Structure formats: C-alpha cells, structure tokens
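Single-structure report; data block below.
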Amino acid sequence: MRTLVVLPTYQEAENIAEVLRRLRSAVPSADILVVDDSSPDDTAGVAKAAGHELGNVDVMVRAGKSGLGSAYRCGFTEGLERGYDVLVEMDSDLSHDPAALPSLLRAVEAGADLALGSRYVPGGSIPRWSLRRRSLSRYGNRYAAAVLGLDVADSTSGYRAYRAGKVSGIDLHSVRADGYGFQIEMAYRVARTGGRIVELPIEFADRERGTSKMSSRIIVEALVLVTWWGVRDRLLPTLRRRPG
Ligand SMILES: Nc1nc2c(ncn2[C@@H]2O[C@H](COP(=O)(O)OP(=O)(O)O)[C@@H](O)[C@H]2O)c(=O)[nH]1
Ligand SMILES: [Mg+2]
C-alpha cells in the first residue's frame, strides 16, 4: 500500500529532523509530506535539509499560520491527487512514536478505514500529563462520543491512518474545523459514511521541546461544533419525527 505521512508543522525546528529520521526507520517505504506555515524558526529549512538526506520527503510551505485542520486538508488533497492508498496523520513534536505506525498501517491493510492511535483504550496511556489536562481530554472525548453517538474512545487523537478511498469520499472543503474539532469531525464523517474505525492503544509521550500551539479557542471551537452536530443530526431529526 502506497503510504503518505502528512506532518503539519508550526515552530517545530527543534523536533522535525528527529521525527523524520525516526519515521523513516520505522516505515522505510512511506513517503512524507511536511506542511509548514512559514514558521519563523525555519522549520521548513530544517525539514528540507533532513529530507534531502533521507529522500522521499516533500515540504509544502504555506503563507502563514492557518491551523492544523487546514494543513491536513491541504496535505490530504495533495495525497489524493498523487494517488496514495493510505494517508497518515501524525504530530511533528515527538508526542507520537513513529515506531507505532506499522501497527496502524497493518490495521488498514486488514480492512479498517480509519486506524486510530488511542490513549483511552486498554493499554493506551499519557504518562506525562497533569490531572487537569488529562480530565479535560478524557471528558471532552466522552462528551463528543455521547452527543454524536460515536463509538470512539479517543476521537481527538491526532495519530491515525486513513484508507485514502474513505478520505476521497469526504468533501474536504466542507470540513471547517481546526485543532481537536477537525479530528472529531473526520472520525465522525468516517463513522457516518459506514466506515470501519479501529482503535489501537498508544502511549502519548507529549512534547519535550517547543510549546503547544493549541489554545482555549480551539477547545471552545470543538465543544461548540460537537454540540451543533449533535443538535443537527440527532436532536432535530427526532423532534421532526414527532407528530404534532
Ligand atoms: N502547519 C501547521 N501546523 C500546526 C498548526 N498548529 C499546530 N500545528 C502542528 O500540529 C501538531 C500538533 O500541535 P500541538 O501544538 O503539539 O498540539 P497539542 O499536542 O494538542 O498540544 C504539531 O506538529 C504542530 O506543529 C498550524 O497552524 N499550522
Ligand atoms: Mg503536541
């Protein structure tokens, strides 16, 4: 299966070269596309230099910071145009261990439309997170699952492999969310179109270098969108079916 790993980057100059090297040794046959938003720390330059050494690494540079969801929409559109069979999402800050990727790819090969690296299935873990951050993520995930009727324990996870045919069936331009909302929306769309989602346990290491780019705006966006999708797809249709 021809695989493209899409790596969104913003200010990851300290991490990207090691991510690329570890990725190449974990999955030597996969091509890599870095989508950088003109990071001021020259992440793109570092990625190009490392990519030159490793081969089969492309770097797409966009004009300015436009969000994680938008970076993936660009990367996936490119991947679909180039005819890949599998499209992979992974953070570029070493939170996601590249060594776990072969098991996600095997799950897609075995029939999954979306193989998710999950922190909230038995065997999954987040050793370094504070109780506050852990609770926010855990309850956010539970809320999304309950409101959307989505049978996924970790729909905000950003470590995943999609069957490309499933992504091509989704109108990426109509996917608006960024950050966590983007991850939930993509899982929701796969589920709603009858796709098979498989969750595999991962250890989420969290970054050791650099800082998170996620903000409270991104969390609020996800909560508002999930609530809206739940009202639109579950509550309103039920009300309409009621006589009188
Ligand atoms: N291209 C691009 N990448 C982004 C943007 N925001 C975040 N990222 C990347 O998305 C990944 C996850 O972001 P991060 O800040 O680590 O999120 P967190 O792990 O939830 O705190 C990292 O590789 C970031 O560099 C953005 O606006 N544009
Ligand atoms: Mg991170």
Side-chain angles (χ1 to χ4, degrees), residues 1-9 12 15-36 43 46-47 50-51 53-60 68-69 71-72 74-76 78-80 82-128 152-167 180 182-183 186-187 190 195-210:
M1 292 191 309
R2 288 185 63 229
T3 300
L4 180 69
V5 182
V6 179
L7 295 174
T9 56
E12 303 292 359
N15 293 313
I16 190 64
E18 193 179 338
V19 171
L20 291 171
R21 276 194 292 273
R22 281 171 53 183
L23 197 46
R24 178 47 50 78
S25 73
V27 190
S29 62
D31 291 346
I32 301 170
L33 175 63
V34 176
V35 183
D36 182 69
T43 304
V46 177
E53 234 172 75
L54 296 166
N56 297 329
V57 177
D58 288 310
V59 181
M60 180 194 283
L68 177 76
Y72 276 127
C74 266
F76 284 177
E78 174 88 15
L80 291 174
R82 293 205 231 151
Y84 286 95
D85 303 307
V86 182
L87 300 171
V88 173
E89 275 186 25
M90 195 177 113
D91 288 357
S92 313
D93 60 357
L94 297 169
S95 291
H96 296 144
D97 183 358
L101 185 51
S103 62
L104 294 181
L105 296 177
R106 274 196 298 275
V108 174
E109 208 155 351
D113 294 299
L114 169 55
L116 253 174
S118 177
R119 298 161 289 186
Y120 305 126
V121 293
S125 63
I126 320 168
R128 292 176 49 212
V152 172
D154 193 357
S155 63
T156 60
S157 171
Y159 197 8
R160 34 176 87 187
Y162 297 87
R163 179 178 304 285
K166 201 71 203 167
V167 177
Y180 307 120
F182 171 77
Q183 308 296 9
M186 290 293 286
V190 170
R196 202 173 139 227
I197 302 179
V198 173
E199 287 185 271
L200 299 166
I202 55 160
E203 179 183 288
F204 183 88
D206 207 7
R207 61 167 73 242
E208 286 187 14
R209 292 186 290 254

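Along the sequence shown, residues are numbered consecutively beginning with 1. All of these numbers come straight from a predicted model, not from anything done at the bench.
Between the CE atom of Met90 and the CG atom of Asp93 there is a distance of 9.0 Å, given to the nearest 0.5 Å. Atoms CD and OG, from Gln183 and Ser155 in turn, are 9.0 Å apart once rounded to the nearest 0.5 Å.
Between the side chains of Thr9 and Asp36, a donor-acceptor pair is found at a separation under 3.5 Å.
A salt bridge links Arg119 with Asp154; the closest basic N to acidic carboxylate O contact falls under 4.0 Å. Using a cutoff of 4.0 Å between basic side-chain nitrogens and carboxylate oxygens, Arg207 and Asp91 are not scored as salt-bridged. Note on Arg160 versus Glu199: no salt bridge recorded, every NZ/NE/NH1/NH2 to OD/OE distance being 4.0 Å or above. Between Arg196 and Asp113 there is no salt bridge, since no side-chain nitrogen of the basic residue lies less than 4.0 Å from a carboxylate oxygen of the acidic one.
For the pair Val46/Glu12, no side-chain contact is recorded, criterion being any heavy-atom separation below 4.5 Å from C-beta on. Here the side chains of Arg22 and Asp97 are in contact, with some heavy-atom distance below 4.5 Å. Residues Val88 and Leu104 form no side-chain contact, since every pair of their non-hydrogen atoms from C-beta on lies 4.5 Å or further apart. Taking the side chain as every heavy atom from C-beta outward, Val86 and Leu105 approach each other to under 4.5 Å.
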Going through the distances and angles, do Tyr159 and Phe204 end up as a ring pair (Phe, Tyr, Trp, His ring centres under 6.0 Å)? CA-CA 9 Å; Tyr159 197 8; Phe204 183 88; 9.4 Å; no
